[in-house]
Number of protein chains: 2
Amino acid sequence: MARKSAAHPPLKLDNQICFAVYSTAHAFNRIYKPLLERLGLTYPQYLVMLVLWERDDVPVKDIGQRLFLDSGTLTPLLKRLEAAGLIRRTRSAEDERQVLIALTPQGHALRDKAKTVPQGVLAASACSVDELVSLKSELVALRDRLIAALGE
Amino acid sequence: MARKSAAHPPLKLDNQICFAVYSTAHAFNRIYKPLLERLGLTYPQYLVMLVLWERDDVPVKDIGQRLFLDSGTLTPLLKRLEAAGLIRRTRSAEDERQVLIALTPQGHALRDKAKTVPQGVLAASACSVDELVSLKSELVALRDRLIAALGE
DNA sequence: CACAACTAGATTGTGCACAATATAAAATGT
DNA sequence: ACATTTTATATTGTGCACAATCTAGTTGTG
């Protein structure tokens with residue numbers, strides 16, 4: 001016995017799936033940084049813009065649910081996007097507790113400049129689209145199981 | 001033509017491999033948080049301890065290379081670990097530029113308490129070890145290609 | 001209506017993470 | 001030997017990220 005744990009000692013850094021995920025996220029961040037600099041966005045800001053380009057005029061809550069982020073993270077980030085002239089923040093008339101996030105014309109226009117970003121990342125990954133699609137769905141499945149485990 | 005990009009529109013959030021990685025890293029962080037709280041560690045601090053449990057008395061640089069982190073991140077983190085009594089920071093005698101990081105007896109002792117952490121994470125992932133090992137190596141391969149692309 | 005329970009955001013405090021810069025020590029070239 | 005370059009770490013400033021807490025607005029119940 002103990003053959004499995006001898007092959008994969010549990011406290012060795014290189015055996016940690018979490019570190020593989022963590023360090024890959026870092027690597028992506030560094031790939032994105034120069035590509036997003038042209039747009040004046042950070043990576044989390046880019047994620048928010050991706051959400052808004054799909055549909056805007058949504059409350060902060062919706063963006064947070066989509067990105068798994070809370071108001072403590074989003075409020076200052078959205079204020080920076082507003083200061084950059086990309087979005088507008090307005091209280092909802094129906095429910096005064098909600099702040100609706102809408103794109104400005106500049107925010108809409110930025111989408112065109114962003115269109116080239118995914119190609120750059122794909123090139124850096126040196127992977128086929130099929131490989132990435134399959135890796136992505138494995139990760140999403142794992143992520144959703146982890147999130148499910150949190151709710152217990 | 002354009003069939004592939006119609007199936008996978010490049011600016012849709014859910015098609016972004018990077019977001020899958022990013023959000024999975026978050027999910028791991030939340031799984032780890034309560035497990036590491038017992039040890040008085042954050043997740044990045046835990047990674048540093050994993051490195052040191054494999055070998056200590058190493059310069060800051062080595063830890064940084066292992067974890068892909070720079071001194072701006074590690075210096076304050078290591079000072080907090082020192083304040084917690086887990087490590088000692090001493091200038092190297094041979095090369096005065098280096099700060100050597102060594103475990104204290106408490107730092108060594110913490111390893112025993114940490115042994116149960118990976119089980120908790122494995123349980124939360126609801127995955128077999130084999131699945132995780134394979135996913136890990138795909139991620140590491142992708143990460144290393146991204147890092148290679150950075151150096152061009 | 002009154003009052004408790006809940007919800008959406010904002011605020012504060014702590015801890016990464018990195019770029020840019022500074023400093024000091026070591027290594028190198030002439 | 002001395003100037004140049006490189007290297008290791010530290011510092012500062014900006015921007016996430018989340019826990020804990022606060023406020024204001026909404027909903028549910030009697």
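A note on names: the letters A, B, ... follow the listed sequences, proteins ahead of strands, and every chain is numbered from 1.
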Quiz prompt | A/Arg97 with A/Asp95: basic N within carboxylate O range, under 4.0 Å | solution = yes
Practice problem: Could you say whether A/Pro59 or A/Tyr22 is positioned toward the 5' end of DNA chain C, judged by the nucleotide with the nearest heavy atom to each? | Solution: A/Pro59
Practice problem: Name the closest nucleotide to the B/Lys33 side chain, picking from D/dT26, D/dC18, C/dA17. | Solution: D/dC18
Quiz item: Is any side-chain N of the basic residue among A/Glu96 and A/Arg91 closer than 4.0 Å to the acidic one's carboxylate O?
Solution: no
Self-check item: Side-chain N or O of A/His26 closer than 4.0 Å to phosphate OP1/OP2 of C/dC16
Solution: no
Quiz item: Are B/Arg88 and B/Asp57 close enough for a salt bridge, meaning some N to O gap below 4.0 Å?
Solution: no
Practice problem: Please state how far atom CG in A/Asp95 lies from atom C1' in D/dT23, giving the value in whole angstrom units. | Solution: 14 Å
Quiz item: Starting at CD of B/Glu37 and ending at C1' of C/dG15, how long is that distance when rounded to a whole Å?
Solution: 14 Å
Exercise. Round to a whole Å and report the spacing from CD of B/Glu96 to C1' of D/dA10.
Key: 15 Å
Quiz item: For the residue pair A/Tyr32 and A/Tyr46, does the interplanar ring angle fall in the parallel (under 30°), tilted (30 to 60°) or perpendicular (over 60°) class?
Solution: tilted
Quiz item: Does B/Arg97 get its side chain close enough to the base of D/dT7, under 3.5 Å, for a donor-acceptor pair?
Solution: yes
Quiz item: Roughly, in whole Å, what's the span from CD in B/Gln45 to P in D/dA17?
Solution: 18 Å
Quiz item: If each of A/Arg91 and B/Glu94 is mapped to the nucleotide of DNA chain C with the nearest heavy atom, which maps nearer the 5' terminus, i.e. the 5' end?
Solution: A/Arg91
Quiz item: D/dT26 P sits how many Å from A/Lys61 NZ, rounded?
Solution: 16 Å
Self-check item: Within residues 65-83 of chain B: residues closer than 4.0 Å to DNA chain D (heavy atoms)
Solution: B/Ser71, B/Gly72, B/Thr75, B/Lys79
Quiz item: In whole Å, what is the span from the CD atom of B/Gln98 to the C1' atom of D/dT7?
Solution: 9 Å
Quiz prompt | A/Thr42 vs D/dC16: side-chain N/O to OP1/OP2 distance below 4.0 Å | solution = yes
Quiz item: Reckon A/Arg89 has a side-chain N or O less than 4.0 Å from the OP1 or OP2 of C/dA8?
Solution: no
Quiz item: What heavy-atom pair brings B/Gly40 and B/Gln45 nearest, and what distance separates the two atoms?
Solution: O-OE1, 3.9 Å
Quiz item: Roughly how many Å is it from OH in A/Tyr32 to P in C/dC18, rounded to a whole number?
Solution: 17 Å
Exercise. Using atom CG of A/Asn29 as one end and atom P of C/dC16 as the other, report the distance to the nearest whole Å.
Key: 17 Å
Exercise. Tell me, with the steps shown, if A/Tyr43 and B/Tyr22 meet ring pair (Phe, Tyr, Trp, His ring centres under 6.0 Å).
Key: CA-CA 10 Å; A/Tyr43 180 66; B/Tyr22 170 87; 5.4 Å; yes
Exercise. Consider only side-chain N and O atoms of B/Ser23 and A/Arg143, and report whether a donor and an acceptor are under 3.5 Å apart.
Key: yes
